[in-house]
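Here's the structure, in structure tokens; my notes come after.
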Amino acid sequence: MRLSRYFLPTSKEIPSEATIPSHQLMLRAGMIAQAGSGIYTWLPLGLRVLKKIEEIVRQEQNRFGAQEVLMPTIQPMDLWKESGRYGCYGEELLAFTDRHNREMCYSPTNEEMITDVFRRYVKSYKDLPISLYQIQWKFRDEIRPRFGVMRGREFLMKDNYSFDLDKESAIRSYQNMYQCYLRTFNRMGLVAIPVKADPGAIGGNMSQEFNIIAETGENELYYHKDIETMRTQSLDSIDLEKLQGLYAASGEMHDPATCPIHEKNLVVKRGIEVGHIFYFGTKYTRSLNALVNGPDGSLVPAEMGSYGIGVSRLVAAAIEANFDDRGIIWPESIAPYKVGLILAKSKDGVAIKLANDIYAQLQENNIEVLYDDRNASTGYKFADMDLIGLPWQVIVGKNAASGYVELKNRKSGELYQIHSEELLGKL
RNA sequence: CGGGGUGUAGCGCAGCCUGGUAGCGCAUCUGGUUUGGGACCAGAGGGCCGGGGGUUCGAAUCCCUCCACCCCGACCA
């Protein structure tokens, strides 16, 4: 993409309404535009990141045996009355009536809806286990939206629902998602710490949240120091049983009086919740009468779990974990483009030719590149490129005549003088 | 929802206390000079000062009211 034709409204001014780095940077980098409290338009650059994250989540869901569906954003309220959550979900549920005066709501979560699908088609244990997920917009009418897309009212979430015949099998499904989540966040270049959590309105007695460590996180986390070192290891070498056996709790779940580990092993940090997995058994299958025949002919409610990942929140969380005073530093797997190509001598015919050639070559090789071909001062271009945080910068300028360009790593700041013909090999 | 704050040009702000018909920086447009870390000169455009109501000869400024947004707290991917 040529920056001269790209809709990228960057700004050097810090927007007054934003108080945390990710919110400020997303606005300054032209990723989002606020439409109302907790509601945002995704602009081209922001949408690319959102889609990258979404695709990683999708691939890992599929890899771990889940099947994608797409449920409506608007649900009839009848299901909520049937499940018993109508009254207790509270004001967060955005409710309204259609022209026939039928009560409807904008989905904040989809346990009812998926269970309704399940009960209509699945009648036998032979069809179990089954794991269905969607990546869909949700709306929760938060008491206080804040921090941009970190706590928006409308947000993109991956929600997965597992159905099993018995508890033992359901726990296996839960563990399957646990592993899936470790892998999913790893692929995004993020270290997520799983901690025991309060199941809240979803229900059940077994749940864990996955948190990205960041100073601006809303959760207080308490965990064994070995978890951090284990989480930076390669996934293949991780001892899952050991990892899950180590103490890790969030907020109210931590009680200093009963904490089983020594203070010197306890790490206290703040985290951003980006995923949450729940096992809640038959809470919904009982109330919604989702029964299957077991091998012995008995009719039993299916055992369920649900598993969320905050896709839009991850965009902000990734920034909170990766930025400096000049801007965002994207992990390569979720960066909007891999390479920022900067024409640093926009009046120099040789440099223009070389930059154009490199641009064409990168495109031919399917390397995602944003080409700053604008007729602007070099400092302006550098500042913009640092702000939007692409992992690699290729600068074409003073040594263009000899075919040399600079390759700069946004994260480390390392700068390499290389010949343009060697560029592809380095990327 | 309780407490606090802010609404003035696209963005960041001053002016308000002490009423006299709106200003600064950035951005934008035109022309020229520039171009290796957010360039410079000259010129230009852009505002029902959040909405409504009042007080006054006169309101961005004082009073009432509504709305929006932000911050702190209780809930959540």
Side-chain angles (χ1 to χ4, degrees), chain A residues 9-20 23-24 27-28 30 33-39 53 57 88-93 107-110 135-160 181 185 192 197-202 207-212 218-219 250-252 271-278 306-317 326-327 342-348 351-352 372 374-387 393 395-400 405-406 408 413 415:
Chain A
T10 57
S11 163
K12 63 177 171 183
E13 308 266 13
I14 298 172
S16 62
E17 77 262 23
T19 54
I20 63 167
H23 190 194
Q24 293 175 347
L27 290 166
R28 287 187 52 210
Q34 181 166 12
S37 184
I39 308 174
I53 290 173
V57 169
C88 72
Y89 206 86
E91 299 269 321
E92 264 188 41
L93 188 64
S107 303
T109 179
N110 290 59
I135 298 171
Q136 175 66 296
W137 293 92
K138 307 288 189 296
F139 194 97
R140 292 182 190 173
D141 201 357
E142 294 279 344
I143 294 169
R144 186 154 88 84
R146 63 188 122 169
F147 304 147
V149 299
M150 187 78 82
R151 177 168 300 290
R153 289 192 291 176
E154 188 182 51
F155 57 97
L156 188 61
M157 180 168 111
K158 183 282 300 178
D159 43 325
N160 176 309
Y181 275 31
F185 298 124
D198 180 354
I202 305 292
S207 89
Q208 281 164 290
E209 26 173 84
F210 289 75
N211 285 270
I212 305 296
E218 293 186 84
N219 296 343
S250 167
E252 305 291 303
I272 300 164
E273 182 184 1
V274 292
H276 202 149
I277 58 178
F278 305 86
S306 76
Y307 318 91
I309 288 181
V311 175
S312 48
R313 174 180 286 180
L314 268 164
V315 179
R326 291 201 304 269
I342 298 174
L343 174 58
K345 299 269 185 212
S346 51
K347 287 285 166 58
D348 177 338
I352 294 170
D372 194 346
R374 295 176 298 182
N375 183 19
S377 76
T378 313
Y380 185 88
K381 293 183 175 186
F382 286 157
D384 256 1
M385 202 56 85
D386 285 344
L387 174 62
Q393 297 176 5
I395 301 153
V396 181
K398 52 192 174 192
N399 297 319
V405 300
E406 283 136 88
K408 184 179 167 186
L415 194 65

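Basis for what follows: all heavy atoms, side chains included, without hydrogens, waters or symmetry-related copies. Below, chain A is the first sequence line, B the second, and so on; all start at residue 1.
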query = Charged N to carboxylate O under 4.0 angstrom, A:Glu273 versus A:Arg151?
reply = no
query = Taking only N and O in the side chain of A:Ser11, is any of them less than 4.0 Å away from OP1 or OP2 of B:rC26?
reply = no
key: Same-atom distance (C1') from B:rA14 to B:rA60, integer angstrom   = 12 Å
key: Watson-Crick or G-U counterpart of B:rA77, or none if no pair lies under 3.5 Å   = none
task = Would you indicate what A:Ser37 reaches in the nucleic acid, counting non-hydrogen atoms under 4.0 angstrom: base, sugar-phosphate, or nothing?
result = sugar-phosphate
task = Please state how far atom CD1 in A:Ile342 lies from atom P in B:rG38, giving the value in whole angstrom units.
result = 13 Å
Whole-angstrom distance between B:rC64 and B:rU6, as gauged at atom P = 16 Å
message = Just so I know, are the side chains of A:Ile39 and A:Gln34 near enough to count as touching, which here means a heavy-atom distance under 4.5 Å?
response = no
ask   = Can you tell me if A:Lys158 uses its side chain to pair, donor with acceptor, with the backbone of A:Tyr307 under 3.5 Å?
value = yes
query = Looking at residues at least two apart in the chain, or sitting in another chain, which of them share a salt bridge (charged side-chain N to carboxylate O under 4.0 Å, His left out) with A:Arg28?
reply = none
message = Could you tell me the Watson-Crick or G-U partner of B:rC11, where both distances fall under 3.5 Å? Say none if there is no partner.
response = B:rG25
inquiry  = Can you say whether a donor on the side chain of A:Arg28 sits under 3.5 Å from an acceptor on the base of B:rG38, or the other way round?
reply    = yes
Inter-nucleotide P distance (B:rG52, B:rA59), Å rounded = 14 Å
inquiry  = How many whole angstroms separate atom CZ of A:Arg374 from atom C1' of B:rG38?
reply    = 11 Å
task = Could you tell me whether A:Lys398 and A:Asp348 make a salt bridge, using a distance below 4.0 angstrom between a side-chain N and a carboxylate O?
result = no
query = Side-chain N or O of A:Thr378 less than 4.0 angstrom from OP1 or OP2 on B:rG37?
reply = no
task = Write down the distance separating the C1' atoms in B:rG23 and B:rA68, rounded off to the nearest Å.
result = 25 Å
request  = Rounded to the nearest 0.5 Å, what's the gap from CG on A:Asp159 to NE2 on A:His276? Could you check?
outcome  = 14.0 Å
inquiry  = Classify A:Asn375 by what it touches in the nucleic acid, base, sugar-phosphate, or nothing, heavy-atom distance under 4.0 Å.
reply    = base
request  = In whole angstrom, give the distance that lies between atom OH of A:Tyr380 and atom C1' of B:rC26.
outcome  = 11 Å
ask   = A:Phe185 vs A:Tyr181 aromatic rings, parallel, tilted or perpendicular, using cut-offs 30° and 60°?
value = perpendicular
ask   = Using purine N1 to pyrimidine N3 plus N6-O4 or O6-N4 for Watson-Crick, or N1-O2 and O6-N3 for G-U wobble, each under 3.5 Å, what pairs with B:rC62?
value = B:rG54
ask   = Does B:rG46 pair with anything, Watson-Crick or G-U wobble, both distances under 3.5 Å, and if so, with which nucleotide?
value = none
request  = Using the P atom as the reference point in each nucleotide, state the distance between B:rG20 and B:rC16 in Å, no decimals.
outcome  = 9 Å
query = More 5' along RNA chain B: A:Ile14 or A:Ala383, using each one's nearest nucleotide?
reply = A:Ile14
key: A:Lys345 NZ - B:rU34 C1' separation (whole Å)   = 12 Å
key: Per A:Gln34 side chain, nearest of listed nucleotides B:rG38, B:rC69, B:rG25   = B:rC69
task = Check whether the side chain of A:Lys347 and the base of B:rU35 form a donor-acceptor pair under 3.5 Å.
result = yes
query = Which base sits across from B:rU6 as a Watson-Crick or G-U pair, both distances under 3.5 Å?
reply = B:rA68
task = Report the distance from atom CZ of A:Phe382 to atom P of B:rG37, rounded to the nearest whole Å.
result = 7 Å
inquiry  = Partner lookup for B:rC16, please. Criteria are Watson-Crick or G-U wobble with both distances under 3.5 angstrom; report none if nothing qualifies.
reply    = none
inquiry  = Ignoring hydrogens and geometry beyond distance, is a side-chain donor-acceptor pair present between A:Glu406 and A:Asn399 at under 3.5 Å?
reply    = no
message = I need the CD-P distance between A:Gln24 and B:rC11, as an integer number of Å.
response = 16 Å
remark   = To the nearest angstrom, the CG-P distance between A:Asp372 and B:rG36 comes to 14 Å
query = Is A:Asp348 touching bases, backbone alone, or none of the nucleic acid, heavy atoms closer than 4.0 Å?
reply = nothing
message = Using modelled atom types and a 3.5 Å cut-off, is there a donor and acceptor pairing between side-chain atoms of A:Lys381 and backbone atoms of A:Leu343?
response = yes
inquiry  = Ignoring hydrogens and geometry beyond distance, is the side chain of A:Lys408 in donor-acceptor contact with the base of B:rG37 at under 3.5 Å?
reply    = yes
message = Both distances below 3.5 Å, Watson-Crick or wobble geometry, any strand: find the nucleotide opposite B:rG31.
response = B:rC41
query = If we take the C1' atom in both B:rG46 and B:rC26, what is their distance in whole Å?
reply = 15 Å
request  = Provide the distance between the two C1' atoms, one in B:rG45 and one in B:rU61, to the nearest whole Å.
outcome  = 27 Å
ask   = Could you run down nucleotides 71-77 of chain B 5' to 3' and tag each one B, S or - for protein heavy-atom contact under 4.0 Å?
value = BBBBBBB
inquiry  = Donor-acceptor check, side chain of A:Arg153 to backbone of A:Arg140, threshold 3.5 angstrom: yes or no?
reply    = no
